[in-house]
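Report on one structure; see the data block that follows.
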Amino acid sequence: MTWIIDKFGRYLRTILKTREMKNLILILFIFLSIDSFAQYDPKAKEILDQMSEKYQTIPSFKADISYTLTNETEDIYEEFNGDITVMGDMYKLNIGGQEIINDGKTMWTFLEDVNEVNISEYDPDSEEISPSKIYNIYKNGYKYTYLTDKVVNGDKVHVVDLVPENKSNQFFKVRLEIDSDTHELHNWKMFEKTGNVYAYDVTNFASDLKIKESYFAFDESQHEGVEVIDFR
């Protein structure tokens, strides 16, 4: 029996030497660990409810944001700066040379470098995590856990993890950092099963803006010669 165990041990060590197997086991371990500890934590719910109530009282807001995409396994690091304006379910996001506009019915994606805009009908079910939904996604289909408090740039923030109940979700975790005093969202990270981590940091937050609904529509007259690709 001893020699069988020893042989199996050598075989297992050989397998673990491959980079792909190491990454697979690491991702599987993280995923199983997160799922095991995820729950409907009352403290996390209290923090999330305070955040949700905060944003529900704000008719509109605009914020500067920084976006990063990292993947340590693939040695990927990308960083962009931009801004976002939100009013109800509508938003306009400018980042990385793209302008994404959603009026709740139609989506426009303008690609500045090629002067092209793609138009499609907006399907709320196809965009589970969006700038206009991030404050309420915990209410449906997620477990939530309070992790810790920490200080970021002099502000005390709560750290809360959301884990989707649907195991087929492309993201296995969403992490929110919420200001303990203002209940505003400082940043959020989305962890994809592929190893990609998408991080959004919010700065220069301004609320109660005077915005018309027409602001959340693409104006072709402002983009001479733009190529329009309509998928509707």
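Residues satisfying the side chain to side chain donor-acceptor pair (under 3.5 Å) test with S66, not counting sequence neighbours, are none.
No hydrogens or angles considered: a donor-acceptor pair under 3.5 Å links the side chains of E79 and Y77. Side-chain contact, S52 with N136: a donor N or O sits under 3.5 Å from an acceptor N or O.
Here the OH atom belonging to Y67 is positioned 10.5 Å from the CG atom belonging to L93, to the nearest 0.5 angstrom. Note: L162 CG to W188 CH2 = 12.5 Å, rounded to the nearest 0.5 Å. Note that CH2 of W108 is 4.5 Å distant from OG1 of T106, once rounded to the nearest 0.5 Å. Interatomic distance, T194 OG1 to F172 CZ, rounded to the nearest 0.5 Å: 9.0 Å. Rounded to the nearest 0.5 angstrom, I178 CD1 and M51 CE are separated by 4.5 Å. Distance check, rounded to the nearest 0.5 Å: CG of L48 to CD of E53 gives 11.0 Å.
Within a 6.0 Å sphere centred on CD of E213, heavy atoms belonging to other residues, nucleotides or ligands number 12 at most. Counting heavy atoms of neighbouring residues, nucleotides and ligands inside a 6.0 Å radius, atom NZ of K105 does not exceed 12 of them. Other residues, nucleotides and ligands contribute only 12 or fewer heavy atoms inside 6.0 Å of the CD atom of E224. Counting non-hydrogen atoms of other residues, nucleotides and ligands closer than 6.0 Å to CG of N166 gives a total above 12.
M90 places none of its side-chain heavy atoms less than 4.5 Å from the side chain of N102. Within the 4.5 Å cutoff, side-chain heavy atoms of Y138 are placed close to those of D49. I95 is listed as a side-chain neighbour of I65, based on a closest heavy-atom distance under 4.5 Å. A 4.5 Å side-chain heavy-atom check between R175 and V159 finds at least one atom pair inside the cut-off. Using a 4.5 Å heavy-atom threshold, the side chains of N196 and L69 count as touching. Between N187 and L176, the closest side-chain pair of non-hydrogen atoms is not below 4.5 Å.
Across I58 and S207, no two heavy atoms sit closer than the pair CG2-CB, 3.6 Å.
Within the structure, the salt bridge (Lys or Arg N to Asp or Glu O under 4.0 Å) test picks out the following pairs touching residues 148-158 (sequence neighbours left out): D149-K156, K150-E177.
In this structure, F61 and Y135 have perpendicular ring planes: the angle between them is above 60°, well past the 30° mark. In this structure, Y55 and F205 have perpendicular ring planes: the angle between them is above 60°, well past the 30° mark.
Note: the hydrophobic cluster containing V174 does not contain V157 (ILVMFWY, side chain heavy atoms under 4.5 Å, direct or indirect links). Cluster membership check: V202 shares its hydrophobic cluster with Y198, using side-chain heavy-atom separations under 4.5 Å among Ile, Leu, Val, Met, Phe, Trp and Tyr. Using a 4.5 Å cut-off between side-chain heavy atoms of Ile, Leu, Val, Met, Phe, Trp and Tyr, with links allowed through other members, Y200 and V152 fall into different hydrophobic clusters. When hydrophobic clusters are built by joining Ile, Leu, Val, Met, Phe, Trp and Tyr residues whose side-chain heavy atoms come closer than 4.5 Å, directly or via intermediates, L111 is not grouped with F80.
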Criterion side chain to side chain contact (heavy atoms under 4.5 Å, CB included) on F110 and Q98, from CA distance to verdict: CA-CA 6 Å; F110 174 63; Q98 294 188 46; over 6 Å; no
Trace of the side chain to side chain contact (heavy atoms under 4.5 Å, CB included) decision for V117 with T109: CA-CA 5 Å; V117 62; T109 302; 5.9 Å; no
Candidate pair K143 and E165, rule side chain to side chain contact (heavy atoms under 4.5 Å, CB included), full reasoning: CA-CA 7 Å; K143 297 179 181 179; E165 295 172 341; 4.2 Å; yes
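With T203 contributing its side chain and D64 its backbone, the two residues share a donor-acceptor pair below 3.5 Å. Here the side chain of K193 pairs a donor or acceptor atom with the backbone of N169 at under 3.5 angstrom. Put simply, the side chain of K62 never gets that close to the backbone of V86: no donor and acceptor are under 3.5 Å apart. Side chain of N204 to backbone of D83: no donor-acceptor contact under 3.5 angstrom is found. Side-chain N or O atoms of T57 include one that pairs as donor or acceptor with a backbone N or O of K54 at under 3.5 Å. At distances below 3.5 Å, not a single donor-acceptor pair connects side-chain atoms of S180 with backbone N or O atoms of H158.
Aromatic ring centroids of F191 and F171 lie 6.0 Å or more apart. Taking the six-membered ring for Trp and the full ring otherwise, F216 and Y91 have centroids separated by 6.0 Å or more.
Under the 6.0 Å distance and 45° angle rule, K92 counts as a cation-pi partner of Y215.
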For residues 225-232, tabulate all N or O donor-acceptor pairs below 3.5 Å that involve a side-chain atom, not counting sequence neighbours.
residue : atom : partner : partner atom : Å
D230    : OD1  : R232    : N            : 3.0
D230    : OD1  : R232    : NE           : 2.9
D230    : OD2  : R232    : NE           : 3.3
D230    : OD2  : R232    : NH2          : 2.7

